[in-house]
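Heavy atoms only: backbone and side chains are in, while hydrogens, waters and symmetry mates are out.
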Amino acid sequence: MSDQRFPRQLRLLNAGDYKHVFDHAPYKVHGKGLLALARPNALGHPRIGLIFSRKNVRRAVDRNRLKRLVRESIRHQQHRLPAVDIVILARRGVHELDNASFSRQLNGMWKRLEKSARQTRQDASSS
C-alpha cells in the first residue's frame, strides 16, 4: 500500500512560498470556480496552498468543506503530480458545486497540470 498521508512537507507554509508561486507561475489551470497556479520546485514532490476567501465563499462551513476536498484529492493524487508548488484559488460560485462535481473538477485540473508540466519538460529537453 502506498503512503497516502498529507504531511506538513506537502503544504505551502509561509507567505514567501505563496508569493514565489504568484510571482513565477508558468502553469495556470482553470476550472469551474477554481484557479490553480503552479511553478516547478526542486523538492521532488508537489506542495499545495489553499486560498478560499470569505469574499468568494461566504460561509465557513463551505470553505472548510472545499478545503477538505482539495486536501483529500491532493493526498490521493500526490504520486501522480509533478514536483510543483500549487496554489488553489477559489472563485465566486464554487460553493454551489456538490462534492462529486467538485472532485471531478479537481481531478481534471490535476490531469491538465500534469500534462502541462510534462509538455514543458519535453520542450526543455528537446532544445
Side-chain angles (χ1 to χ4, degrees):
M1 184 167 151
S2 64
D3 186 16
Q4 298 267 319
R5 296 176 299 140
F6 188 66
R8 192 172 168 86
Q9 70 210 28
L10 291 180
R11 305 176 206 166
L12 295 178
L13 296 173
N14 56 43
D17 293 339
Y18 281 87
K19 182 172 176 19
H20 205 61
V21 173
F22 281 120
D23 292 345
H24 308 93
Y27 310 121
K28 293 182 175 91
V29 180
H30 299 271
K32 182 174 171 42
L34 291 174
L35 171 65
L37 301 172
R39 64 169 293 281
N41 68 31
L43 301 173
H45 58 81
R47 294 190 307 169
I48 192 159
L50 306 173
I51 299 177
F52 285 78
S53 69
R54 198 170 78 196
K55 179 179 177 183
N56 292 332
V57 183
R58 208 64 192 138
R59 297 182 333 159
V61 66
D62 291 329
R63 287 193 305 276
N64 292 334
R65 174 180 65 93
L66 295 171
K67 288 190 287 188
R68 192 169 48 249
L69 289 170
V70 171
R71 281 191 222 100
E72 183 72 7
S73 178
I74 196 75
R75 190 174 70 80
H76 286 291
Q77 302 296 328
Q78 66 183 320
H79 303 293
R80 199 178 86 190
L81 291 171
V84 292
D85 290 342
I86 306 165
V87 173
I88 301 286
L89 293 138
R91 294 187 168 164
R92 286 203 172 111
V94 70
H95 68 279
E96 296 168 1
L97 295 173
D98 63 356
N99 289 357
S101 299
F102 188 75
S103 294
R104 279 194 306 276
Q105 185 80 346
L106 283 171
N107 286 332
M109 289 175 67
W110 302 144
K111 286 177 186 173
R112 290 194 305 276
L113 177 63
E114 181 184 18
K115 185 177 178 183
S116 297
R118 190 177 334 111
Q119 185 66 38
T120 303
R121 269 183 288 169
Q122 286 175 354
D123 292 346
S125 66
S126 66
S127 332

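Between the side chain of R11 and the backbone N or O of L50, no donor-acceptor pair lies under 3.5 Å. A donor-acceptor contact shorter than 3.5 Å is absent between the side chain of R91 and the backbone of G31. Side chain of N107 to backbone of K111: no donor-acceptor contact under 3.5 angstrom is found.
Taking each heavy atom of A25 and L37 in turn, the nearest pair found is CB-CB, 4.1 Å. In terms of heavy atoms, Y18 sits closest to G49 at OH-CA, 3.2 Å. Here the closest heavy-atom approach between residue I88 and residue I86 is recorded as CD1-CG2, 4.0 Å.
Here the OG atom belonging to S73 is positioned 11.0 Å from the CD atom belonging to Q78, to the nearest 0.5 angstrom. With rounding to the nearest 0.5 angstrom, the CG atom of L106 is 6.0 Å from the CG atom of L34. The CZ atom of R47 lies 7.0 Å from the CG atom of L13; values are rounded to the nearest 0.5 Å. The CG atom of L12 sits 8.0 Å away from the CD1 atom of I48 when rounded to the nearest 0.5 Å. Between L66 atom CG and R59 atom CZ the span is 10.5 Å, to the nearest 0.5 Å. Summarising the geometry, atom CG belonging to N99 is positioned 8.0 Å from atom CZ belonging to R68; distances are rounded to the nearest 0.5 Å.
By the criterion of side-chain heavy atoms lying less than 4.5 angstrom apart, applied directly or through intervening Ile, Leu, Val, Met, Phe, Trp or Tyr residues, V70 is grouped together with L113 in one hydrophobic cluster. Hydrophobic clustering (side-chain heavy atoms under 4.5 Å, transitive across Ile, Leu, Val, Met, Phe, Trp, Tyr) groups V94 together with W110. In this structure, V21 is not a member of the same hydrophobic cluster as V29, with clusters built from ILVMFWY side-chain heavy atoms closer than 4.5 Å. No continuous path of ILVMFWY side-chain contacts below 4.5 Å connects L35 to Y27, so the two sit in separate hydrophobic clusters. A continuous path of ILVMFWY side-chain contacts below 4.5 Å connects V57 to L69, so both sit in one hydrophobic cluster.
Using a 4.5 Å heavy-atom cutoff, the side chains of I51 and V87 are in contact. Here the side chains of K55 and R92 are in contact, with some heavy-atom distance below 4.5 Å. Taking 4.5 Å as the limit, some side-chain heavy atom of R104 sits within range of a side-chain heavy atom of S101. In this structure, the side chains of M109 and Q77 stay at 4.5 Å or more apart for every pair of heavy atoms. Side-chain contact between P82 and S116 is absent, with no heavy atoms from C-beta onward closer than 4.5 Å. Using a 4.5 Å heavy-atom threshold, the side chains of H95 and R58 count as separate. Considering only heavy atoms from C-beta on, I74 comes within 4.5 Å of L81 through its side chain.
A salt bridge links R75 with E72: the distance from a Lys NZ or Arg NE/NH1/NH2 to an Asp or Glu carboxylate oxygen falls below 4.0 Å.
Remark: the R39 side chain and the H20 side chain contain an N/O donor-acceptor pair separated by less than 3.5 Å.
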